[in-house]
2 protein chains.
Amino acid sequence: MIGDVARLAGVSNQTVSRVLNEHPNVRQDTRDRVLDAMRRLDYRPNLMARGLVRQKSHMLGVISFDSVLFGPATTLLGIGRAARARGYGVTILTPESGDRSSIVDTAASLASQAVAGVVVVFPSQAATTTALLSLPAGLPAVAVEAAPDDAIPAVRIDQLTGARIAVQHLLELGHETVWHVSGPRDRLDAQARVDGWRATLEEAGRTTPPVVVGDWSAESGYRAGLELAERPGITAVFAANDHMALGLLRAFHERGIRVPEDVSVVGFDDIPEAGYLIPPLTTIRPDHEEVGRLAVTTLLGLVDETEQDATAPPYVVPTLVRRRSTAAR
Amino acid sequence: MIGDVARLAGVSNQTVSRVLNEHPNVRQDTRDRVLDAMRRLDYRPNLMARGLVRQKSHMLGVISFDSVLFGPATTLLGIGRAARARGYGVTILTPESGDRSSIVDTAASLASQAVAGVVVVFPSQAATTTALLSLPAGLPAVAVEAAPDDAIPAVRIDQLTGARIAVQHLLELGHETVWHVSGPRDRLDAQARVDGWRATLEEAGRTTPPVVVGDWSAESGYRAGLELAERPGITAVFAANDHMALGLLRAFHERGIRVPEDVSVVGFDDIPEAGYLIPPLTTIRPDHEEVGRLAVTTLLGLVDETEQDATAPPYVVPTLVRRRSTAAR
DNA sequence: CTCGGCCATGTTAACGATCACAACAACCGT
DNA sequence: ACGGTTGTTGTGATCGTTAACATGGCCGAG
């Protein structure tokens with residue numbers, strides 16, 4: 001195929017290859033002739049042939065859980081866009097379930113797909129470790145959120161700061177303390193939010209109520225809300241994500257607890273509909289897409305020596321979005 | 001690399017290749033020896049080399065809009081899973097915007113990625129056509145939702161039936177007529193829902209109110225709700241998706257209109273949090289993942305002659321989920 | 001017992017690109 | 001005028017795999 005171009009341009013294959021790879025030592029008029037021939041033939045380099053000889057593919061692999069949820073889905077989008085901008089394609093795999101075997105399967109399937117590097121978007125340390133261990137040794141990898149150790153680079157939302165901002169906001173409104181509905185116990189991002197919440201309360205010298213554990217779903221938020229509704233004296237709740245906050249709002253509504261008059265609620269994620277809940281939800285907005293971008297930058301730093309800014313900042317700091325689910329006490 | 005296995009097993013490369021490709025004419029003990037050698041060396045076939053000689057990659061391409069939205073994201077998940085089950089990888093591209101040039105770019109970028117076939121998950125006919133035209137001729141393609149013509153196979157949710165079920169449900173509850181908040185005008189799926197809504201009303205001999213046009217977002221649903229709140233006598237609204245229904249609920253709440261006592265609302269999609277809105281949303285549930293699966297089956301029928309059930313049913317019929325946002329009049 | 005045909009396996013040439021090296025020209029300074 | 005650079009182009013080998021064809025052993029039919 002490259003031969004067709006070469007023949008039409010009246011040069012050798014090698015010269016076409018040089019034009020293709022922007023090698024400097026090609027005379028301008030030769031280059032033009034080649035480019036013209038490529039255009040006329042609608043030539044596209046065969047990436048498999050190129051990958052074969054270069055011993056390196058133009059594909060990045062991603063293993064992701066929960067790829068339908070707003071946060072991960074947005075990160076995936078960021079990964080895809082950033083990769084494309086650097087000339088890489090992305091292939092995304094989602095395990096059927098959280099089982100060990102399912103994760104190993106998925107990683108194996110990725111391993112056989114000739115990828116140049118891997119991004120693991122997994123929420124739990126155990127799962128990430130399993131996935132990474134099942135990958136061929138030596139394949140560059142970056143973790144989003146959960147990294148097994150410092151050996152593999154990680155990019156994450158600054159959950160601690162996010163939680164801190166949320167709690168601080170509530171304390172500043174005059175609430176005595178803040179309850180917390182957390183994500184699953186085995187998720188690092190969930191635990192980091194718990195840590196941030198607890199630390200902020202302790203620093204302010206407030207009592208720390210027990211954590212109510214959820215699983216990110218609206219349903220679990222609803223159940224948590226029913227539970228909290230039973231306890232008197234609660235005035236502020238920080239939910240670890242917006243979907244649980246949504247369930248919380250529903251439960252409080254059902255029990256006749258008014259938000260924000262009786263209880264203030266803060267979420268996390270700023271899902272697109274957060275501003276249209278009843279009432280509009282005050283929440284923490286992390287830039288999930290940026291996380292994806294950083295993951296790609298970091299990964300490509302490992303994959304490709306020529307990449308410059310190999311050391312991207314590993315934390316993305318979220319901001320507070322004030323709406324109407326919080327009020328002064 | 002295949003050579004290492006061959007050496008260890010004491011056979012030729014070709015025999016290893018035969019084992020790899022499940023060629024029948026290999027003696028059982030030879031096969032065992034080869035398999036054992038592969039296991040010992042942790043051998044993985046180089047897909048680029050294979051693709052090169054077979055003139056065919058193991059990758060499917062997907063171009064998708066709105067890949068963060070629940071519906072498309074779930075379809076993407078279905079595509080990924082189905083593809084993996086058949087030994088294909090999937091690479092997903094999302095254009096930066098809806099601009100023509102952005103779409104052309106994306107398609108071009110896919111074209112250069114050595115994919116065996118393409119699924120176009122685009123909502124508008126124009127965009128789908130643009131994308132398909134920018135793809136190399138002869139590349140098998142399947143459209144989800146919008147197909148430019150019968151030349152390229154399409155897989156879709158049976159929007160018409162979905163809308164019909166929604167409207168029927170409301171009419172059976174005794175509502176005189178049903179208002180409709182639609183998706184964007186240029187989206188075929190949105191228009192199909194409009195058609196189903198209108199047809200059902202007409203068949204029942206009811207008057208057809210003007211369509212209120214939204215853009216899928218909660219915000220547009222909210223605006224639509226404020227608009228509808230001004231008009232007296234409205235008792236039932238069918239929103240073209242759950243996010244707009246959510247905005248609608250908020251607007252009605254703000255205006256003191258009770259759901260379902262004053263107005264009944266039906267959504268479309270059954271997003272996971274639909275059951276936890278205020279009130280829990282009655283909605284239409286389409287199996288988005290199934291759409292993805294069917295798209296892959298259909299595409300592979302085109303790509304790979306040996307695939308059997310090339311003719312998958314092109315429609316996925318949704319069902320009604322009754323919750324508390326609808327009531328008898 | 002001999003020949004055609006099947007079975008198991010090996011040998012060689014692709015696939016489409018890049019890389020290392022060779023070749024040749026033009027230009028430089030001495 | 002000549003050796004040494006520098007710049008431009010071509011040649012042949014190579015990446016890991018599969019396809020096409022070749023080989024040789026064994027079996028059964030004539």
Side-chain angles (χ1 to χ4, degrees), chain A residues 1-38 41-59 87 89 111-116 136 138-139 304-306, chain B residues 1-38 41-59 87 89 111-116 136 304-306:
Chain A
M1 194 81 181
I2 209 179
D4 300 348
V5 177
R7 208 168 316 117
L8 182 58
V11 298
S12 74
N13 288 14
Q14 184 52 34
T15 300
V16 176
S17 170
R18 276 193 266 259
V19 171
L20 229 39
N21 294 288
E22 300 178 9
H23 194 93
N25 290 347
V26 178
R27 237 183 8 208
Q28 189 57 45
D29 64 329
T30 317
R31 182 186 305 276
D32 291 344
R33 233 167 344 119
V34 171
L35 288 173
D36 185 56
M38 297 203 295
L41 295 173
D42 190 27
Y43 165 77
R44 327 224 182 203
N46 181 321
L47 292 186
M48 292 187 289
R50 175 179 293 173
L52 182 58
V53 61
R54 287 213 187 134
Q55 298 290 60
K56 175 176 154 228
S57 87
H58 61 287
M59 274 284 165
S112 72
Q113 285 198 25
V115 293
L139 187 61
D304 194 349
E305 267 79 56
T306 66
Chain B
M1 196 79 183
I2 208 178
D4 300 346
V5 177
R7 209 168 317 115
L8 182 57
V11 296
S12 74
N13 287 15
Q14 184 54 30
T15 299
V16 176
S17 170
R18 276 192 266 258
V19 171
L20 228 40
N21 295 286
E22 299 178 10
H23 194 93
N25 290 347
V26 179
R27 236 182 11 206
Q28 190 54 45
D29 66 327
T30 315
R31 181 185 308 275
D32 290 344
R33 229 163 348 117
V34 170
L35 287 173
D36 185 56
M38 298 202 294
L41 295 174
D42 191 27
Y43 165 77
R44 327 228 182 197
N46 181 321
L47 292 185
M48 292 187 288
R50 175 178 293 174
L52 182 58
V53 59
R54 288 213 188 134
Q55 297 289 66
K56 181 180 146 220
S57 87
H58 60 289
M59 274 283 164
S112 72
Q113 286 200 23
V115 292
D304 193 348
E305 267 79 55
T306 67

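Letters A, B, ... are given to chains in the order of the sequence lines, protein chains preceding strands, and every chain is numbered from 1.
- Within 4.0 Å (heavy atoms only), B:N46 reaches sugar-phosphate atoms of the nucleic acid but no base atom.
- Of the two residues near DNA chain C, A:G3 and B:R33, the one whose nearest nucleotide lies more 5' is B:R33.
- Checking D:dT17, C:dG16, C:dC19 against every side-chain atom of A:R54, the shortest atom distance belongs to C:dC19.
- Among the protein residues, A:N13 comes within range of no part of the nucleic acid, since none of its heavy atoms lies under 4.0 Å from any strand.
- For A:S12, whose side chain is taken as the heavy atoms from C-beta onward, the closest listed nucleotide among C:dT18, D:dT11, C:dA8 is D:dT11.
- Pairing each heavy atom of B:P24 with each of B:R31, the nearest pair is O-NH2, 3.6 Å.
- Between A:M59 and A:A114, the shortest heavy-atom contact is CB-O, 4.2 Å.
- Taking every side-chain heavy atom of A:M1 into account, C:dA17 is the closest of C:dA8, C:dC19, C:dA17.
- A salt bridge links A:D4 to A:R7: one of the charged nitrogens lies within less than 4.0 Å of a carboxylate oxygen.
- Shortest non-hydrogen contact noted between B:P136 and B:A111 is CD-CB, 3.5 Å.
- Summary of the strand contacts: B:Q55 and B:G10 both lie near DNA chain C, and taking for each the nucleotide with the nearest heavy atom, the more 5' one is attributed to B:G10.
- The side chain of B:R27 has C:dA8 as its nearest neighbour among D:dG10, C:dA8, D:dT18.
- One N or O donor and one acceptor, one from the side chain of B:R18 and one from the base of C:dG10, sit under 3.5 Å apart.
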